[in-house]
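Notes follow the structure.
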Amino acid sequence: MLTKKQIDYVLDTIGEMFPEAECELTHSNPFELLVAVVLSAQATDALVNKVTPGLFKKYKSPEDFMEVPLEELEQDIRSIGLFRSKAKNIKKLSYSLIEKYDGKVPSERDELVTLAGVGRKTANVVASVAFDEPAIAVDTHVERVSKRLGICRWKDSVLEVEKTLMRKIPKELWSETHHRLIFFGRYHCKSQSPQCMECPLLHLCREGKKRLKKKGIEVK
DNA sequence: CTCCCGATAT
DNA sequence: ATATCAGGAG
């Protein structure tokens, strides 16, 4: 496990690597962000962004999603994958927004997670990006990077990872750090091909040293 | 825990 | 061919 000083070093380093890290899902208001994040489950941002511009041109409000036949919405988002459940969730979610929230996206996480297709991670993204609430959304990248670097333990659940990060990172840095961890995971510490040889954090990364040793490369 | 699922990288 | 992708519901 990393010490407090080592974690500060990690934050500084990923800050230098990705100073401008931010949400990469195309959106222009909280509702579009909510739909985009629901669509992004187990899909790349790039894939979602291919669909959403056209989608948001066709559907401008929860009412529009509520009224369209399910099969038509399924076809509109088919290329993203998991399209049947996502289409159903977006229609249900739109109905709830109209019925309970006057057609607007709530800013509270407790309210967001009551919406169809919205779990803790999605709620954190919406609260953080759309409403500027401090939050750390633990997605596949944040989880993988936190475990590889030794910020948390390998056996930790997603919720435990989030709690550990919130405990070890100052609240005012939560949102920007969370985006930098995602960029670090997405573009550098990649799942299949992590760039350990060129990693400025290799000296404190147990997993990176283990991986290089396995390839016959000695690291002190 | 399994299922949902197409696109892309490896 | 297989692994992975801003996960969540049943």
Side-chain angles (χ1 to χ4, degrees), chain A residues 14 18 20-27 30-55 70-71 73-96 105 109-131 133-148 155-162 165-166 174-197 207 211 214-215:
Chain A
I14 63 176
F18 305 103
E20 309 295 321
E22 60 184 358
C23 179
E24 293 196 298
L25 290 167
T26 303
H27 69 283
F31 179 62
E32 289 186 0
L33 176 66
L34 175 61
V35 172
V37 181
V38 169
L39 288 174
S40 72
Q42 297 299 100
T44 59
D45 281 11
L47 190 57
V48 174
N49 288 339
K50 279 188 175 180
V51 170
T52 44
L55 194 73
L70 179 61
E71 297 73 21
L73 181 55
E74 285 179 349
Q75 289 314 306
D76 287 337
I77 65 172
R78 184 183 47 79
S79 63
I80 294 177
L82 305 182
F83 61 92
R84 279 181 275 265
S85 47
K86 286 175 183 175
K88 214 171 291 178
N89 286 150
I90 288 171
K91 281 181 70 69
K92 282 183 70 177
L93 160 171
S94 296
Y95 191 83
S96 297
V105 179
R109 254 119 30 194
D110 291 344
E111 297 175 324
L112 285 165
V113 294
T114 67
L115 300 170
V118 179
R120 189 181 179 88
K121 176 248 156 185
T122 297
N124 274 329
V125 173
V126 173
S128 168
V129 175
F131 300 107
E133 295 282 336
I136 298 177
V138 179
D139 68 344
T140 183
H141 300 296
V142 175
E143 179 178 9
R144 182 181 66 250
V145 166
S146 299
K147 291 182 176 182
R148 279 183 179 168
K155 53 181 291 189
D156 285 348
S157 68
V158 175
L159 181 59
E160 286 169 332
V161 175
E162 183 185 333
L165 289 169
M166 289 194 292
W174 284 358
S175 291
E176 67 173 48
T177 300
H178 135 250
H179 283 112
R180 289 169 178 175
L181 285 170
I182 287 175
F183 271 54
F184 182 73
R186 186 179 290 164
Y187 301 115
H188 183 85
C189 189
K190 294 182 276 189
S191 178
Q192 298 193 50
S193 55
Q195 312 294 101
C196 302
M197 284 294 286
E207 178 65 15
R211 280 172 174 271
K214 208 167 181 179
K215 292 165 91 177

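Labels below follow one simple rule: chain letters A, B, ... track the order of the sequence lines, proteins then strands, and each chain is numbered from 1.
Judged by distance alone, with hydrogens and angles left aside, the side-chain atoms of A:N124 form no donor-acceptor pair with the main-chain N or O of A:A135 at under 3.5 Å. Side-chain N or O atoms of A:K86 include one that pairs as donor or acceptor with a backbone N or O of A:A41 at under 3.5 Å. Side-chain N or O atoms of A:H27 include one that pairs as donor or acceptor with a backbone N or O of A:L25 at under 3.5 Å.
Side-chain N/O atoms of A:K50 include one lying less than 4.0 angstrom from OP1 or OP2 on B:dT8. The phosphate of C:dG7 (OP1 or OP2) has no side-chain N or O of A:T122 nearer than 4.0 angstrom. Phosphate contact (OP1/OP2 of C:dA6, side-chain N/O of A:R186, threshold under 4.0 Å): present. Taking only side-chain nitrogens and oxygens, A:S193 comes nearer than 4.0 Å to OP1 or OP2 of B:dT10. Note on A:R84: a side-chain N or O is less than 4.0 Å away from OP1 or OP2 of B:dC5. An OP1 or OP2 oxygen of C:dT4 is reached within less than 4.0 angstrom by a side-chain nitrogen or oxygen of A:S191.
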May I have the step-by-step check of side-chain contact (heavy atoms from CB on, under 4.5 Å) for A:E24 and A:I182, ending in yes or no? CA-CA 10 Å; A:E24 293 196 298; A:I182 287 175; over 6 Å; no
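Summarising the geometry, the separation between NZ on A:K86 and P on C:dG10 is reported as 16 Å, rounded to the nearest angstrom. In this structure, A:R109 places its CZ atom 18 Å from P of C:dG7, rounding to the nearest Å. Between the P atom of B:dG6 and the CG atom of A:N49 lies a distance of 20 Å, rounded to the nearest Å. The distance from atom CG of A:L39 to atom P of C:dA6 is 14 Å, rounded to the nearest whole Å. Atom CG of A:D139 is separated from atom P of C:dT4 by 15 Å (rounded to the nearest Å). If you measure from atom CZ of A:F83 to atom P of B:dC5, you get 5 Å, rounded to the nearest angstrom. Atom NZ of A:K91 and atom P of C:dG8 are 22 Å apart (whole Å). Per the geometry, CG belonging to A:L159 stands 14 Å off C1' belonging to C:dG7, to the nearest Å.
A gap of 24 Å separates the P atoms of C:dA6 and B:dC3, to the nearest Å. Separating the P atom of C:dG8 from that of B:dA7 is a span of 23 Å, rounded to the nearest Å. Between B:dT2 and C:dA3, the two P atoms lie 15 Å apart (nearest whole Å).
Taking the side chain of A:T140 as heavy atoms from C-beta on, and the options B:dG6, C:dA6, C:dC5, the nearest nucleotide is C:dC5. Nearest nucleotide to the A:R144 side chain, out of C:dA6, B:dG6, C:dC5: C:dC5. Nearest to the side chain of A:S79, among C:dA6, C:dC5, B:dA7, sits B:dA7. Side-chain atoms of A:Q192 lie closest to B:dT10 of the nucleotides C:dA6, B:dA7, B:dT10. Of the candidate nucleotides B:dC5, B:dA7, C:dA6, B:dC5 has the atom lying nearest to any side-chain atom of A:L82. Checking C:dA6, B:dA7, B:dC4 against the side-chain heavy atoms of A:C23 singles out C:dA6 as nearest.
When each of A:K92 and A:T44 is assigned the nucleotide of DNA chain C bearing its nearest heavy atom, the one mapping closer to the 5' terminus is A:T44.
In this structure, A:V38 reaches neither bases nor backbone, as no heavy-atom distance under 4.0 Å exists between it and the strands shown.
Within the 4.5 Å cutoff, the side chain of A:I14 has heavy atoms near those of the A:L181 side chain.
Pairs engaging residues 34-54 of chain A under the ring pair (Phe, Tyr, Trp, His ring centres under 6.0 Å) rule: none recorded [sequence neighbours left out].
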